[in-house]
Each structure stands twice: as structure tokens, then as C-alpha cells.
Amino acid sequence: MLTGGGPSAYWSTRPAGWRSRLAPGSTLRRLDWPLPAAALALSVLGAVLVYSATRGRTQLTGGNPYAFLQRHVINTVIGVALAAVAARLGPRRLRDLTPALYGLTLLMVLLVLTPVGATINGSRRWIIVAGMSIQPAEFVKVTIVLAMAVLLATKVDAGDRQRPDARGVVEALAVAGVPALLVLLTPDLGQFMGIGVIVLGVLLASGASARWVAALLAAGALGALAVWQLHLLDQYQVNRFAAFADPALDPSGVGYNTGQARIAIGAGGLLGQGLFHGAQTTGQFVPEQQTDFVFSVAGEELGFVGAGALIVLLGVVLWRALRIARACPDLYGTLVAAGIVAWLAFQAFENIGMNLGIMPVTGLPLPFVSYGGSSMFAGWIAVGVLEGIRLRRPLSA
């Protein structure tokens with residue numbers, strides 16, 4: 001019952017902290033809500049698709065049909081917590097922590113190349129920490145974005161110029177090149193390609209001369225040719241590229257995964273065969289369907305409409321990240337956001353593309369959707385970094 005002054009007197013007695021949460025400049029009001037909402041929707045959809053892909057695979061689940069679902073949910077919860085930490089730190093503290101984070105990820109990648117590294121599904125790309133398999137290459141992408149942004153923004157600010165000079169670009173490329181080469185030695189060609197796209201994205205956003213971009217593209221082409229001619233790729237990687245160039249080369253061998261994924265997606269039609277009722281999925285015809293080929297579950301069981309909705313959600317994440325990049329008043333924040341956009345856009349395109357057979361199979365997961373702790377953690381850290389950039393911009397920006 002309201003007394004002595006009516007509603008205004010009642011609300012004036014509420015705690016100041018409660019009111020501040022709804023104030024125009026409060027943290028909750030300034031968050032870019034569509035960004036985490038879209039990422040969370042993707043993670044929830046991924047949990048459903050992962051469950052559908054694994055519930056009948058007793059050889060993977062050990063008889064517990066909910067095993068992968070439970071782990072995916074746990075990974076999502078941890079990822080959201082990491083995003084909150086990254087947003088709380090903000091761009092200034094992240095700049096200060098970047099050298100330490102860069103050194104830590106370098107150490108982690110080096111450990112992969114030692115006897116400490118673990119081999120999973122024939123690939124040596126992981127280390128085991130507290131019983132959990134960690135793929136350092138996922139976190140390398142985060143630190144490369146941060147490190148390149150620090151160097152390029154510092155060079156521009158210090159010299160009071162519009163674009164980084166040659167020395168700044170060379171230093172940024174060197175900082176990115178060291179962990180990139182280590183990732184290639186693991187060998188992880190997919191992550192190496194992703195890092196290359198990140199480097200291009202950050203350079204373009206920095207305003208670096210087009211000659212640097214052209215030189216980097218030329219170096220990439222020559223490097224790929226050298227790797228091929230010197231037979232530095234593992235045989236399974238060579239086979240994957242051969243199958244991509246000629247899908248009919250070995251449909252029952254190296255081309256089997258992509259072939260089955262395309263059959264599953266094609267069978268979905270407009271509205272799909274129904275959740276948990278996909279013939280290819282329930283028949284376990286598509287290998288690695290919870291990770292590399294999770295998009296095929298969406299295509300088969302949810303159809304064109306469901307798979308299209310998934311792509312729209314990915315588009316929302318990229319759209320909000322681009323808005324944050326454009327609205328950021330300082331070059332550092334713009335470069336970080338641009339690097340994250342390049343990273344997530346390429347990884348989403350590559351994963352969906354290899355499901356459709358228009359891109360080679362590289363093992364890159366679908367952001368926020370595929371099963372895998374390292375990918376989930378890195379993706380949510382990126383969301384947190386973006387929110388931290390948005391929260392620290394001036395209210396008028």
C-alpha cells in the first residue's frame with residue numbers, strides 16, 4: 001500500500017543499486033544484447049544437434065546417450081563465464097595482459113609438439129589439462145588478434161599517422177607468424193588457414209598499404225605451392241584436397257564423409273525429416289557428425305528452413321561484431337573487432353562449405369555449434385572481448 005507521497009515516494013525508497021541497473025549508462029543497458037543472444041541460441045541449437053548426432057552412438061557415449069549433450073552444455077556454461085570475465089576486463093586490461101597471454105598460448109602450442117601432446121582421431125593437436133583435452137590453436141587465434149591490434153594501434157597512435165608504417169606491419173606479421181608456423185607444424189592446416197584470414201582482416205582494417213596485402217597473398221600462394229611440392233603435408237591432407245578437386249575420385253574412402261553429409265543435407269528438403277528422425281543421422285552414416293559435420297544434422301532434420309535459421313544466427317553475430325567495430329572510437333578496438341569478424345566468418349564459411357562440398361575438409365568446427373570445449377571457449381571469449389569494447393566506448397558514441 002502506497003502512503004505519504006504516492007508512487008514517486010515509493011520508488012525513491014528503492015535501493016540505489018537497483019535503480020542504477022536501469023540507468024541509461026548502466027552496464028546492462030549498454031550491452032549489445034543481440035550478440036550474446038545469437039551466440040547462446042547457436043550454442044543451444046548446437047546442443048540439440050550434438051545430442052541427435054551422438055545419442056545412438058554407444059561406441060562414443062559409453063552407453064550414456066546424454067554424454068555429449070551434458071559436456072556441450074557444460075562447455076557452453078564455462079564459455080559464457082569466460083565471456084563475462086573478458087567483458088569485465090575490458091580492452092585496457094586486455095592490452096596489458098596480451099604479452100602474457102601470447103606467451104602462454106605459444107607455450108601451449110609448443111607442448112603439443114612434445115611428448116606431452118595428445119593424439120586424437122589420428123591428429124596430434126591437443127594437450128590434456130585436468131582430464132580435459134585442450135586444442136591450443138583455438139586460443140592462438142584470440143591472442144593473435146589481440147597482439148596484432150596492440151602493435152598496429154600503438155604504431156599509429158605513437159606516430160600520429162593514419163596508417164601503420166612498414167616497421168609496424170613487419171612486427172605485426174612476425175608476431176602472428178611465429179604461432180602460425182607452430183600450428184602448421186602440429187600439423188593443422190585448417191587452423192593455419194584461419195589464422196591467415198585473421199591476419200588479412202586485421203591488416204585491412206588497420207589501413208595498411210594495399211601492397212602489404214598483395215604481398216601477403218602472394219606469399220601465401222607461394223608458401224602453399226612450396227608445401228605441396230616439398231611434400232610437407234600428411235597423406236590424409238593430400239587426399240582431402242584431391243577428393244575436393246574430384247569428388248568422384250574415392251567416394252567410399254577419403255570422399256565418404258563429404259558425400260554422406262551432402263546426402264543428409266539433400267534429404268532434408270525444405271522442412272527436414274524431423275528432429276531425431278534423420279535417416280543418415282540415426283543410421284550413423286556421417287562420421288564426426290557432432291563436430292566437423294554437425295551442419296548436416298541441421299540440414300537433414302530441420303531442412304532448408306532450420307539450416308537457414310542457423311546461418312541467420314551466425315549472420316547476427318557477425319553483424320553485431322561489425323557494428324561494434326564501426327562504432328569504436330579507437331583503432332585498437334576496431335582492429336580487435338575486425339579480426340574477430342574475419343575469424344568467425346571464415347570458420348563458419350569453411351565448415352558449412354565442407355558440409356556442402358564446396359570447400360575442402362579441414363576439420364574447422366562450426367562456431368558455437370560444433371561439439372568441442374576449446375572452440376566453444378574461444379568463441380565465447382571473442383564475444384566477451386567484443387562486449388568489453390562496446391562497454392568502454394563513450395556514452396555518446
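For the single chain, residues carry numbers from 1 onward in sequence order. Nothing here was measured: the structure is a model prediction, and the numbers come from that model. Just so you know, these numbers use all the heavy atoms, side chains as well, and skip hydrogens, waters and symmetry mates.
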Can you find a pair of side-chain heavy atoms, one from [X] and one from [Y], that are under 4.5 Å apart?
X	Y	value
H72	M376	yes
Y332	L94	yes
L69	V50	no
L42	P367	no
L152	P164	yes
L310	L49	yes
F346	L364	yes
Q191	E138	yes

Transitive ILVMFWY cluster of V286, excluding itself - 4.5 Å side-chain cut-off: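 Hydrophobic cluster check, V286: joined to F293, M354, V361.
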Rounded at 0.5 Å granularity, tell me how far [atom1] in [X] sits from [atom2] in [Y].
X	Y	atom1	atom2	result
L97	L104	CG	CG	11.0 Å
R390	L35	CZ	CG	9.5 Å
T186	L110	OG1	CG	11.5 Å
I324	I389	CD1	CD1	7.0 Å
L386	L31	CG	CG	12.0 Å
T362	N351	OG1	CG	8.0 Å

If hydrophobic clusters are built by linking Ile, Leu, Val, Met, Phe, Trp and Tyr wherever their side-chain heavy atoms come under 4.5 Å apart, do [X] and [Y] end up in the same one?
X	Y	answer
L222	L181	no
F139	M132	yes
I263	F285	no
L113	I195	yes
L185	L111	yes

Check [X] against [Y] and note the closest heavy-atom contact, atom names and distance.
X	Y	result
W343	A378	CH2-O, 3.4 Å
V316	P34	CG1-O, 3.9 Å
A176	V199	CB-CG2, 3.7 Å
I340	A382	CD1-O, 3.7 Å
N257	P287	OD1-CG, 3.2 Å
A337	A325	CB-CB, 3.5 Å

Where the side chain of [X] meets the backbone of [Y], is there a donor-acceptor pair that is under 3.5 Å apart?
X	Y	result
E300	A279	yes
N355	S296	yes
S133	I128	no
T258	G255	no
R30	L391	yes
T282	G278	yes
H277	L275	yes
Q284	G56	yes

Name every donor-acceptor pair, under 3.5 Å, that has one atom in a side chain of residues 203-220 and the other anywhere in the protein, sequence neighbours excluded.
{"from": "S206", "atom 1": "OG", "to": "L203", "atom 2": "O", "distance (Å)": "2.7"}
{"from": "S206", "atom 1": "OG", "to": "A208", "atom 2": "N", "distance (Å)": "3.3"}
{"from": "S209", "atom 1": "OG", "to": "R211", "atom 2": "N", "distance (Å)": "3.2"}
{"from": "S209", "atom 1": "OG", "to": "R211", "atom 2": "NE", "distance (Å)": "3.4"}

Q135 versus S375, side-chain donor and acceptor atoms under 3.5 Å: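 Checked: S375/Q135 side chains show no N/O donor-acceptor pair below 3.5 Å.
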Residue pair T54 / Q290, side-chain donor-acceptor N/O under 3.5 Å: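 The criterion, which ignores hydrogens and geometry beyond distance, is not satisfied for Q290 and T54.
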Intermediate values then yes/no, side-chain contact (heavy atoms from CB on, under 4.5 Å), T154 and R95: CA-CA 10 Å; T154 301; R95 288 184 76 153; 3.2 Å; yes
Pair V317-L313, side-chain contact (heavy atoms from CB on, under 4.5 Å): steps then yes or no: CA-CA 7 Å; V317 172; L313 287 172; over 6 Å; no
M148: which of L335, V202, V336 passes side-chain contact (heavy atoms from CB on, under 4.5 Å):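 The side-chain contact (heavy atoms from CB on, under 4.5 Å) with M148 is passed solely by V202 among L335, V202, V336.
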With Y102, the side-chain contact (heavy atoms from CB on, under 4.5 Å) member among V178, V140, V142: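 Result for side-chain contact (heavy atoms from CB on, under 4.5 Å) with Y102: V178.
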L302 and L45: CA distance, side-chain angles, deciding distance, side-chain contact (heavy atoms from CB on, under 4.5 Å) verdict: CA-CA 11 Å; L302 304 179; L45 178 59; 4.0 Å; yes
Pairs flagged by side chain to side chain donor-acceptor pair (under 3.5 Å) wherever residues 306-320 is involved - sequence neighbours left out: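 For residues 306-320: D32-R320.
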Side chain to side chain donor-acceptor pair (under 3.5 Å) pairs, two or more places apart, involving residues 74-92: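 Matches after skipping sequence neighbours: none remain.
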Ring pair (Phe, Tyr, Trp, His ring centres under 6.0 Å) against F276, all qualifying residues, sequence neighbours excluded: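 F276 satisfies ring pair (Phe, Tyr, Trp, His ring centres under 6.0 Å) with Y51 only.
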side-chain hydrogen bond (donor to acceptor under 3.5 Å, both in side chains) between T143 and T105, worked out: CA-CA 8 Å; T143 54; T105 52; 3.2 Å; yes
Stepwise side-chain contact (heavy atoms from CB on, under 4.5 Å) test for L40 and W380: CA-CA 9 Å; L40 186 59; W380 275 104; 4.1 Å; yes
Residues which pass side-chain contact (heavy atoms from CB on, under 4.5 Å) with I352, listed by chain and number, not counting sequence neighbours: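 Expected list: F295, I311, L314, L356, L366.
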